[in-house]
Engineer: 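Shown below is the structure under consideration.
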Amino acid sequence: MYATAFFSHPYHHPIVGWMCDLRNMTVEDAKDWYGRWYVPNNVTMAVAGDVEPRQVCALARKHFGPTPSRSGRATRSQDEAPQRGVRRVTVKAPAENPHVAIAFKAPTLRDVEKDEDVYALEMLAAVLDGYDNARLNARLVRTDRGANSANAEYSNISHGPSLFILSGTPTGKTTTQELKALMRAEIAHIAKEGMSAEELERIKTRLIASQIYRRDSTFGQAMEIGVMEISGIPHTKIDRIIRVRSLWMATRTARINALRGFCREFGISVATGSRNGLEQISRVLADPASTIPTLIRGTMKLLVEEIQLLEARVAQLERELTALAKQSPACTTLLSIPGIGLLTATAMVAATSGNVSHFKDARHFASWFGLTPKEHSSGTTRKLGRISKKEERYLRMLLTHGARSVLRAASVAVKANRQIDGLRTWALDVQSRANHNKAACALANKLARICYATLRDGEIYGGSVTRMSQKLNDPT
């Protein structure tokens, strides 16, 4: 269980407001501040985990109920002069390297439907500093060598005002003024030249992927709900910021399983497979002579309609992903590999930006997915255990499913006396020596290494343009 409390309190603009507060603040002021604002009627608590809601409410009343509520009194006005130009603050202290920060007042998200500027600024921050080879790092640090580090920061969800911040540490040959000019020049270049479609789609995919991966953490979900609520945005709007395919698919599977259960209760056996099963259930509901009672028949029809709506939404999202994959050379390269489909390719490009140069080798890349075995070796005796199952859980699942599909297709091909390539031959040999699950994990590891090689070299696997075209034309 995770519990996170968020308090709402007045916010003053940084630097000048803070300096004024510090000059005027006393110990009694600090005590009064906490006594006034840290009260139950000024807190939002998000609790996530395997808990019983009624017990959580009872505990909240027990521990917070005795504390009296207070109405917030008006705060003292700050003597901050209105900003009519650039403000500069220079701090001199012993340090090995100087540091530069440029802050711009930026809009804050208040209406998820209308506040479009905040999304544009989020994209800009990602283009500048959203991945290892982003523009600030690629040009200022690697190419021009004018900075040891360069960063861009922006958070569009805040209780108070937001800032878009550019910061960096110059090299010995670059002054702070020159670094400021370089960072501003990069912004001006984007404003004048814009971004390529490939760069824009890469950033969009990374932002979508980061939102999906964030849902893997129970604490992260509680934190997101609490931050949005205290910032004045209902947490129910989170899913309107981004559509998550995996959630729709989970809901679809749950509805189909519920329909299967209903049919089984009335002696109707439903065929395996979601498509065949759903078609059979629809025919049963349309047959007035079936054993399904009239009382529940209407409810089951509503479930079928909901499944069809979810399938339409998933299909639309997959069409968007297909269009994205066609524009991304890295995605099209990955799609040439057996067992790598649309979801795996786009998710891998989102996680790596199509650049694997920061991985030491293919084994290092596979270990990032948790697909390498644990070492239990001693001396000259080498003993390997189960795979580590660390790091990228979602991509590890996709690679494992892809490996299972390759194994199944290889088995079918052998039974039909069709010729198979070396990869499938190797996988079937491992399966015959071990078992299906071990062979699937071993093949998933090998697929990850092949992905590393294709992304590193920018070449399609085995010259298979046909396989790549088929996956783009039929992503399912």
Side-chain angles (χ1 to χ4, degrees), residues 48-57 208 211-212 215-216 218 221 225 234-322 339 341-344 347 393-394 397-398 400-409 411-412 415-416 436-437 440 470-471 473-476:
D50 186 12
V51 297
E52 173 58 43
R54 293 183 179 178
Q55 295 178 357
V56 173
C57 291
I208 292 172
Q211 187 72 20
I212 294 174
R215 306 295 174 89
D216 289 340
T218 304
Q221 293 181 47
I225 291 172
H235 74 275
T236 53
K237 295 289 185 75
I238 295 176
D239 280 331
R240 301 183 69 178
I241 297 177
I242 182 170
R243 294 175 296 174
V244 182
R245 178 190 183 277
S246 59
L247 295 179
W248 289 344
M249 292 300 292
T251 303
R252 170 181 172 271
T253 302
R255 298 295 183 267
I256 293 176
N257 289 339
L259 288 171
R260 287 181 184 275
F262 290 146
C263 290
R264 194 176 297 114
E265 289 180 9
F266 301 106
I268 300 173
S269 178
V270 179
T272 58
S274 58
R275 183 176 301 176
N276 294 335
L278 193 60
E279 290 177 355
Q280 181 183 349
I281 293 171
S282 299
R283 290 195 299 269
V284 169
L285 293 177
D287 183 8
S290 66
T291 58
I292 303 294
T294 306
L295 182 63
I296 199 175
R297 193 182 293 262
T299 302
M300 293 180 67
K301 287 182 178 179
L302 290 176
L303 286 175
V304 172
E305 292 176 1
E306 184 180 356
I307 292 169
Q308 292 171 345
L309 177 60
L310 287 171
E311 288 179 339
R313 290 177 177 175
V314 170
Q316 173 61 29
L317 183 55
E318 287 181 345
R319 285 193 292 270
E320 295 176 3
L321 288 174
T322 302
L342 179 66
L343 294 179
T344 309
R393 177 182 176 183
Y394 179 66
M397 175 195 70
L398 292 177
T400 305
H401 286 332
R404 292 183 189 278
S405 69
V406 172
L407 277 170
R408 182 177 181 276
S411 299
V412 172
K415 290 179 181 178
H436 178 74
N437 289 335
Q470 288 175 344
K471 292 178 181 179
N473 293 329
D474 184 15
T476 57

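Nothing fancy with the numbering, it's 1 onward along the sequence.
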Engineer: Of all the heavy-atom pairs spanning Ala271 and Asn276, show the shortest one and how long it is.
Structural biologist: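 In terms of heavy atoms, the two residues are closest at CB-CB, 4.4 Å.
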Engineer: Pair up each side-chain donor or acceptor in residues 292-301 with any protein partner under 3.5 Å, not counting sequence neighbours, and list the distances.
Structural biologist:
from: Arg297; atom 1: NH1; to: Leu285; atom 2: O; distance (Å): 2.9
from: Arg297; atom 1: NH1; to: Asp287; atom 2: O; distance (Å): 3.1
from: Arg297; atom 1: NH1; to: Ser290; atom 2: OG; distance (Å): 3.3
from: Arg297; atom 1: NH2; to: Ser290; atom 2: OG; distance (Å): 3.2
from: Arg297; atom 1: NH2; to: Ile292; atom 2: O; distance (Å): 2.8

Engineer: Distance check, rounded to the nearest 0.5 Å: Thr344 atom OG1 versus His401 atom NE2?
Structural biologist: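 The NE2 atom of His401 is 9.5 Å from OG1 of Thr344, to the nearest 0.5 Å.
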Engineer: Rounded to the nearest 0.5 Å, how far does CZ of Arg255 lie from CD of Glu305?
Structural biologist: 13.5 Å
Engineer: Please report the closest heavy-atom contact between Ala440 and Ala403, naming both atoms and the distance.
Structural biologist: O-CB, 3.3 Å
Engineer: Give the minimum heavy-atom separation between Ile281 and Cys263, together with the two atoms involved.
Structural biologist: CG1-SG, 4.1 Å
Engineer: Report the C-alpha distance between Asn437 and Arg404 in whole Å, list the side-chain angles of each, state the deciding distance to 0.1 Å, and finish with yes or no for side-chain contact (heavy atoms from CB on, under 4.5 Å).
Structural biologist: CA-CA 8 Å; Asn437 289 335; Arg404 292 183 189 278; 3.1 Å; yes
Engineer: Mind listing the closest non-hydrogen atom pair of Gly339 and Ser405 along with its distance?
Structural biologist: CA-OG, 4.3 Å
Engineer: Only one of Leu259, Ile307, Val304 clears side-chain contact (heavy atoms from CB on, under 4.5 Å) with Ser282; which?
Structural biologist: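 Result for side-chain contact (heavy atoms from CB on, under 4.5 Å) with Ser282: Val304.
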Engineer: Could you pull out the closest heavy-atom pair between Phe262 and Leu303, with the gap in Å?
Structural biologist: CE1-CD1, 4.0 Å
Engineer: Quick one: pull up CG in Leu278 and CZ in Arg260 and give me the separation to the nearest 0.5 Å.
Structural biologist: 9.0 Å
